[in-house]
Protein chains: 2
Amino acid sequence: MTRSTIHDVARVARVSLSTVDRVLNDRNRVRPATRARVEEAVRALGYVRNAAAANLSRQRRFRFLFVLPAGANSFMRNLEREVVAYARSLAAEGVEAEVRLVPPFDGEALFRELDALTPGAFDGTAFVAVDSPAVRRAVARLQAADLGVVTLVSDLPADLRAHFIGIDNIRAGRTAARLLGGFCGDRAGRIAVVAGAMRVNDHAERYAGFRQVLAQDFPHLEALPPVEALDDAGRAETRLAALLDATEDVVGIYSLGAGNRGVVAALGRRDPAPPVVVHELTEHSRRWLLEGRIDAVIRQDPAREARAALRTLLALSQGKPFDRDENRVGIEIFLRDNLP
Amino acid sequence: MTRSTIHDVARVARVSLSTVDRVLNDRNRVRPATRARVEEAVRALGYVRNAAAANLSRQRRFRFLFVLPAGANSFMRNLEREVVAYARSLAAEGVEAEVRLVPPFDGEALFRELDALTPGAFDGTAFVAVDSPAVRRAVARLQAADLGVVTLVSDLPADLRAHFIGIDNIRAGRTAARLLGGFCGDRAGRIAVVAGAMRVNDHAERYAGFRQVLAQDFPHLEALPPVEALDDAGRAETRLAALLDATEDVVGIYSLGAGNRGVVAALGRRDPAPPVVVHELTEHSRRWLLEGRIDAVIRQDPAREARAALRTLLALSQGKPFDRDENRVGIEIFLRDNLP
DNA sequence: CGAAAAATGAGGTACGTTGGTCAAAACGCG
DNA sequence: CGCGTTTTGACCAACGTACCTCATTTTTCG
């Protein structure tokens with residue numbers, strides 16, 4: 001039961017190979033009647049184009065540029081690794097990805113990379129968005145030049161119509177609240193929140209979602225204003241410790257950005273330990289989970305994000321049909337028992 | 001910067017195409033000195049074989065048989081759909097998968113399918129294991145005949161060395177206990193457990209893991225012996241209702257198999273509603289989650305499992321190098337806020 | 001009806017690899 | 001050195017599709 005080819009289609013439709021080719025690739029004029037015959041044959045045979053052969057023949061290559069934040073952020077380093085790995089596995093389909101690192105949270109640096117992008121060199125780009133007018137202009141220019149543009153992890157305003165690959169951070173915050181609310185049971189009190197910087201969109205959104213659920217479903221719990229740690233563990237520790245000392249009724253902790261090391265340090269051996277929910281799975285958070293120092297980790301899977309971004313860019317570059325669902329990135333919850 | 005080909009390798013190594021081919025595909029004798037020259041050229045050029053062209057040429061096809069339980073179990077139906085879908089997307093690499101359905105929990109039926117398998121017709125098989133001596137014999141025979149054998153979702157004893165694609169069901173049960181234990185807070189009492197059939201390994205393992213965590217970390221909770229529903233919602237409802245009527249102190253429900261519809265029906269509008277954790281995400285469980293009738297869903301992603309199974313079979317059939325991590329299936333937790 | 005225009009067919013080359021055949025060259029050994 | 005044996009090179013036909021040219025048929029319309 002070998003797969004049918006354009007030769008089979010031609011035979012069944014009683015036309016020549018050339019005509020099948022013209023229909024399939026929408027070349028020059030073909031009479032509607034003939035076109036219908038070919039399409040009918042395609043349907044009858046269940047013909048699907050052999051993508052490998054097609055790419056081989058047309059010798060098409062897809063070059064994509066990924067611009068990611070440099071630095072020690074382990075989520076980003078994982079993401080980088082996954083991009084490289086998945087690009088390699090798509091090599092047979094003509095995909096090549098180049099990764100460039102820029103200083104984190106630096107709109108100017110990101111803009112320079114995007115601005116230097118010429119349509120000749122790349123077919124599309126994916127980057128962790130920092131929102132700034134210059135970046136928006138660069139994106140508009142790239143889209144006008146018909147390059148695929150994908151924002152990764154952190155988004156830009158939707159009207160730019162770049163595709164976004166990442167989680168819904170409002171729902172991530174809601175999920176954290178649901179977990180923490182459940183774990184707190186009937187205990188009433190307040191929740192300490194540690195953030196990176198509220199001026200980053202994803203952190204602000206997580207906090208908003210977190211408060212939504214507390215207000216609606218756990219009215220006996222209240223979120224304190226976030227401690228801003230700026231991804232700095234020392235700062236997180238000092239400020240959180242101060243907050244805990246100053247506040248009697250803290251019944252839970254939500255850490256929605258980086259700097260978890262400081263959070264755990266600040267908790268030290270306070271007793272009783274309140275339930276703790278943090279973001280991102282690292283070797284540290286994994287160990288703390290196993291040791292029972294934290295109770296749950298929420299994360300987005302960098303492997304899925306890398307794959308989704310590459311598949312999206314590929315879909316944008318060639319035809320288009322591309323599966324929104326397949327490219328959705330989930331909000332994952334880890335307890336100590338379901339660690340990967 | 002177009003990719004290098006065997007032609008380039010031949011030129012750089014100053015040998016003919018044939019010799020490059022002989023080295024690359026380990027054909028007949030090549031003098032060590034020549035082989036070294038070719039390998040050096042490969043390294044220098046960073047040559048990697050164009051897999052698309054190779055498969056195109058060698059016209060190798062891989063036929064795999066999937067044996068899945070028939071019936072309304074929606075996890076299995078999703079799995080079936082994903083297998084078909086992913087097989088289609090691997091069609092360019094020569095993969096074809098056939099799915100056959102057998103009565104669920106029926107070792108005899110499974111055995112008959114496996115036993116009828118001849119090495120000529122298929123290159124490998126994946127199936128949801130029902131453990132029985134006959135099935136074990138059939139698996140041994142298939143492996144002796146050098147067919148790839150993969151157990152899916154439910155495993156056989158490991159010494160048979162079939163690859164297993166699915167979640168660690170002990171840990172899935174532990175995860176359920178951790179969640180339910182957390183949600184029960186300080187309330188003491190017993191947990192009602194609803195299973196499909198304890199003679200399928202996965203259900204027995206989930207129950208075991210569930211009890212481990214309760215015993216260790218939630219000593220005020222006790223798991224009742226499982227109600228066996230055999231994937232039948234009506235039966236689940238009747239039995240669970242009877243159990244709830246007969247037992248005063250049920251503070252939580254764990255449904256570890258199919259038949260969730262019955263579980264929810266049995267709970268009806270009992271008040272207060274105990275926390276409920278179930279397995280598998282379906283349109284029903286999704287709705288119940290949103291309505292607050294159940295509190296958490298644990299699932300294994302059928303799409304991932306389908307992909308992992310096919311990739312594993314493919315790896316077994318051809319060379320081998322295959323990524324254990326990439327093919328791991330996670331234990332996912334869904335609350336109403338992080339539904340996909 | 002006949003000419004121009006449109007549609008279709010026939011056939012070729014190419015993509016990178018596989019897997020042959022056969023002849024030529026290099027090698028090993030007595 | 002000459003023999004047989006190994007190793008190597010040169011060539012070719014696939015695989016399924018793309019894309020090209022040129023000839024031939026069919027359609028359209030004045």
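Given the structure is predicted, the values throughout are model-derived calculations rather than measurements. Reckoned from all heavy atoms, side chains included, excluding hydrogens, waters and symmetry mates. Chain letters run A, B, ... following the sequence lines, proteins first and then strands; every chain starts at 1.
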What is the separation between atom [atom1] on [X] and atom [atom2] on [N], rounded to the nearest whole Å?
X	N	atom1	atom2	value
R29(B)	dC27(C)	CZ	P	16 Å
H7(B)	dC11(D)	NE2	P	12 Å
R37(B)	dT7(D)	CZ	P	15 Å
R11(B)	dG16(C)	CZ	C1'	15 Å
L56(B)	dA18(D)	CG	P	12 Å
N50(B)	dG16(D)	CG	P	16 Å
I6(B)	dG19(C)	CD1	P	11 Å
L17(A)	dA18(D)	CG	P	11 Å

- Message: Contact between I6(A) and D8(A) at the side-chain level, heavy atoms closer than 4.5 Å - yes or no?
- Response: no
- Message: Within the structure provided, determine whether L114(A) and T125(A) are in side-chain contact (heavy-atom separation under 4.5 Å).
- Response: yes
So which nucleotide from [options] ends up closest to the side chain of [X]?
X	options	result
R58(B)	dA18(D), dG19(C), dG16(D)	dG19(C)
Y47(B)	dT7(D), dT17(D), dT17(C)	dT17(C)
R49(A)	dA18(D), dG9(C), dT7(D)	dA18(D)
T34(B)	dT7(D), dC15(D), dT17(C)	dT7(D)
D21(A)	dC19(D), dA14(C), dG16(C)	dC19(D)
S18(A)	dT17(C), dG9(C), dT18(C)	dG9(C)

When all nucleic acid strands are considered with a 4.0 Å heavy-atom cut-off, which category describes [X]: base, sugar-phosphate, or nothing?
X	value
R31(A)	sugar-phosphate
R22(B)	base
R14(B)	sugar-phosphate

- Message: Within the 3.5 Å criterion, strictly below it, is a donor on N78(B) or R299(B) matched to an acceptor on the partner's side chain?
- Response: no
- Side-chain donor-acceptor pair under 3.5 Å between N25(B) and R58(B), yes or no? no
For [N], does either OP1 or OP2 sit under 4.0 Å from a side-chain N or O belonging to [X]?
X	N	result
N25(B)	dT18(C)	yes
R27(B)	dG20(C)	no
S16(B)	dG9(D)	yes

- Upstream residue (5' side of DNA chain D) when V48(A) and V20(B) are each assigned their closest nucleotide: V20(B)
- Using a cut-off of 6.0 Å, state whether more than 12 heavy atoms not belonging to R14(B) lie near its atom CZ. no
- Along DNA chain C (nearest heavy atom to each residue), the more 5'-positioned of T19(A) and T5(B): T19(A)
- Query: From L65(B) CG over to R100(B) CZ, what is the distance, rounded to the nearest 0.5 angstrom?
  - Reply: 5.0 Å
